[in-house]
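Notes follow once the structure below has been shown.
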Amino acid sequence: MNLIEGLNDKQKEAVLTTEGAVLILAGAGSGKTKVLTHRIAYLVHEMKVAPYSILAITFTNKAASEMKERVEKIVGSGAKDIWVSTFHSMCVRILRKTIHRMGYSNQFSIYDAEDQKKLVGQITKDLGLDEKFYPTKKTLSIISSQKNDFISPAQYEAQMLGDFTGTNYSTIYKMYQEKLEKNNSLDFDDLIFKTIQILKECSDVREYYGERFKYILVDEYQDTNNSQFMLVELLASKHRNVCVVGDPDQSIYKWRGANIRNILDFEKKYKEAKIIKLEENYRCTKTILETANEVIKNNINRKEKNLWTQNEEGEQICIYNAYDDRDESMFIASTIVKEVESGNEDYNSFAVLYRTNAQSRVIEELFINKNIPYQLYGGVKFYARKEIKDILAYLKLLVNTRDTLSLERIINVPRRGIGETSMDRLAAYAAQENKTMYEAMLTINEVYELKSVAFKFQAFVDMLEEIKSDLRNKKITEIVEQILEKSTYMQTLKLETTEEARDRVENIYQFIAKAQEYDETREDGTLENFLEEVSLVADIDNYEEQNNTVKLMTLHSAKGLEFPQVFIAGVEEGVFPSYMTLNSVDEDEREEERRICYVGITRARKRLYITYANARKQFGRIVYNAPSRFIEEIPEKYKKDLTIKRKAENSAKIKVISKLSDGLKKHTTFSVSNYNNLVTPSKVAMSFESGDKVSHVKFGFGIIEGVRPAGADYELTINFETVGTKKLMSKFANLERV
DNA sequence: CAGAGACTCGAGGAG
DNA sequence: CGAGTCTCTG
């Protein structure tokens, strides 16, 4: 295969300039992915570079696996040894081998935002600081910025010297870090931070990776932060063959610490750098591209560039001014239906993009109403759901018994009668013995003052130890099943008759299906690896072309994707640009909004719709927003207004069913599990009466004390020998007469 | 210690 | 409006 055939001159240059530092400024739709994959293939194929000495860093796992796939197609199975991964998974890979040098064990846990919140909340409380003045969210964002700038707690403390509030924040930071270390856990930012630390402090590790990675590529470079910059610099210090690709106009993650200067100043840091500009767009129509150019022009703080296309003129941008958010959604839904019914497009061709996740709700409602198949990305992420996080906490604890946060999460889930008081006592005992909580539980019976609850701790830890036995030889599915069964988690959940509980059960089955898939595809997969994969997936990673669905996602998630027809919804002052930026002193925050808009516009290949509503429900109240400045920034000649026509058509039928149907919850990106039920559902609601002696799978032997009709079922009051009186629904209790 | 009910505050974007 | 937290009672 000729690797440069069909490429334009600039693209060729980008593929062929393999040595030294290279900065590729790649405008939207300029064939960046093609260039990257061909470049890698060229290295392997033509330059005979060993695949394992190539490192390619992408923004999402999805982009990584896509790139890997494409390279594999060209160079064959050798591609397996190329490291194509996100910053985070690359770091985990390094840390799993090396972090024992820093007082952690290689089985460390990875904490997500919720875990972080819990820790910081605890610490703030322990320090006696008022959460009103030290809100967890703010603290976390401070800690995150420090880590993104590679500033340690000690350095931050020094910086805050003499600043009362700042010193308090630095104290929290310090304690937070101590706690993480004690729990043998890392947060997301630590993954980068610790890797830098190890590379700096352990010269042999630095030597090893520095020597190994002869060619480094970094995609989406405009969204890297300072720590990531340092990391790349360290890894590339030896060979200095570093190729970064990005587009300053698409830098939309400043809030996450991204430093746009990394790309703007690349040539200053790497003086020898060769700069290649890819300015021909192959994706959009002239009109769409011009629209994007006109909008982004309004950013003062920006390097001019000239993105152009040979594509056809195309249609004007469709603007729709809705009465309210509901009307807006209706316009989107009926436009899609019309297009699909006319045979012009199928559902796959459409994406609806919005600024905030909350906006998806109304759109979904209308889609369900009109039977439009869709996939939603973002929102409450699958692995962030309570029930999934519970199971994950069990799993984490099995791997890393120092993970006290996970322990605390599940020690009383399902209820084991272990409350705060007991936990405090256990903690005190553990501290006194200088043991972890887990270790303390193992010897709990020796402690006189804990006698009353000791057996509960004992039962819990025994259960975990039992699951842990022969852990290496168990399939993940097996481990998960044992947890669900032995902890009675599944059973307890099934005893609840709420719709919510049913959803949870369903989610757990989906989780098991995921575990099964993992078992089947990863022969040598370990529990650690499974947990790691789960911790590091972004929602967008699960984006798969499912048969014919409209895609709903935030503008941020849409980065890197393209669709024939795109709707951008809620283009109003206060929504997009976000109200958070309207009064900000920082002009760049508003410019970042405009860059997000630029990203959104350039996702569209053929047709772009921009919609805005006069009124919209926000925070449960109705707000009235002006049309967004971004709409005004589009020259008249590129716009056509669909509003009047629609209004006439629809004025009669603006009543919509507001009730959310079940379908709303079925939006997850996972295929429905075909897994057989773990615990067989209850059979018959046989009749019991007071005085009957029964036996229950979990609670054991008991006597029925009362029977009360409840709906189609009966509520039984049962006095159990071991756990005392419980109220259970006859239908679900699975009782056996004794 | 568990569960119900009151209450409060928040939703900007994500690996 | 709704999720998460606090407080009260059994």
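First the proteins, then the strands, lettered A, B, ... as listed; each starts at 1.
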query: Closer than 4.0 Å, any side-chain N/O of S89(A) to the OP1 or OP2 of dG15(B)?
result: no

query: If you look at every strand shown and take non-hydrogen atoms under 4.0 Å, does I596(A) touch a base, only sugar-phosphate, or nothing?
result: nothing

field: Sugar-phosphate, base or nothing in reach of S535(A), heavy atoms under 4.0 Å
entry: nothing

field: Along DNA chain B (nearest heavy atom to each residue), the more 5'-positioned of N412(A) and S578(A)
entry: N412(A)

message: Quick check on dA14(B): is either OP1 or OP2 less than 4.0 Å from any side-chain nitrogen or oxygen of T60(A)?
response: no

task: Salt-bridge test for D588(A) and R595(A): reply yes if a basic N is under 4.0 Å from a carboxylate O, no otherwise.
output: yes

message: In this structure, how many angstroms lie between the C1' atom of dG15(B) and the NZ atom of K147(A), rounded?
response: 14 Å

task: Scan residues 566-578 of chain A for pairs that pass salt bridge (charged side-chain N to carboxylate O under 4.0 Å, His left out), counting only residues two or more places apart or in two chains.
output: E572(A)-R616(A), E573(A)-R629(A)

- request: Could you check how far CD of Q122(A) sits from C1' of dT5(C), rounded to whole Å?
  value: 15 Å

- prompt: Which part of the nucleic acid, if any, lies within reach of R621(A) when heavy atoms closer than 4.0 Å are counted: base, sugar-phosphate only, or nothing?
  reply: nothing

- prompt: Rounded to whole angstrom units, what separation is found between the CG atom of L495(A) and the C1' atom of dA2(B)?
  reply: 16 Å

Distance in angstrom units between E131(A) CD and dC6(C) P, rounded: 8 Å

Backbone of I110(A) reached by a side-chain donor or acceptor of K396(A) within 3.5 Å: yes

message: Tell me the interatomic distance from Y383(A), atom OH, to dA14(B), atom P, rounded to whole angstroms.
response: 18 Å

task: Would you mind telling me which of dC9(B), dA14(B), dC1(B) lies closest to the side-chain atoms of T421(A)?
output: dC1(B)

field: dG15(B) OP1/OP2 closer than 4.0 Å to side-chain N/O of N61(A)
entry: no

query: Partners of Y111(A) by side-chain hydrogen bond (donor to acceptor under 3.5 Å, both in side chains), sequence neighbours excluded?
result: N183(A), S185(A), D403(A)

- prompt: Salt bridge between E114(A) and K389(A), side-chain N to carboxylate O under 4.0 Å?
  reply: yes

query: Where along residues 185-199 of chain A does a heavy atom fall under 4.0 Å from DNA chain B?
result: F188(A), D189(A)

- prompt: Is any NZ, NE, NH1 or NH2 atom of the basic residue among D115(A) and R409(A) found under 4.0 Å from an Asp or Glu carboxylate oxygen of the other?
  reply: no

- request: For E420(A), answer base if it contacts any base atom (sugar-phosphate contacts may also be present), sugar-phosphate if it contacts only those atoms, and nothing otherwise; contact means non-hydrogen atoms under 4.0 Å.
  value: sugar-phosphate

task: For F457(A) and dC1(B), give me the distance from atom CZ to atom C1', rounded to whole Å.
output: 13 Å

- request: Using a strict cut-off of less than 4.0 Å between a Lys/Arg side-chain nitrogen and an Asp/Glu carboxylate oxygen, indicate whether D223(A) and K559(A) qualify as a salt bridge.
  value: yes

- prompt: With a 4.0 Å cut-off on heavy atoms, is Q359(A) in touch with a base, just the backbone sugar-phosphate, or nothing at all?
  reply: nothing

task: Consider only side-chain N and O atoms of N61(A) and E533(A), and report whether a donor and an acceptor are under 3.5 Å apart.
output: no

query: Between W255(A) and dG13(B), do the rings stack, that is, sit under 5.5 Å apart with planes less than 30° off each other?
result: yes

task: Go through dG13(B), dG2(C), dA14(B) for me and flag the one nearest to the T356(A) side chain.
output: dG13(B)

- prompt: Are the ring of F87(A) and the base ring of dG15(B) both nearer than 5.5 Å at their centres and tilted by less than 30°?
  reply: no

query: When you measure from the side chain of R415(A), which nucleotide among dG13(B), dG3(B), dC1(B) comes out closest?
result: dG3(B)

message: In whole Å, I'd like the distance from the CZ atom of R416(A) to the C1' atom of dA2(B).
response: 15 Å

K456(A) vs A358(A), nearer the 5' end of DNA chain B by closest nucleotide: K456(A)

task: Find the distance I411(A):CD1 to dC1(B):C1' and express it as a whole number of Å.
output: 14 Å

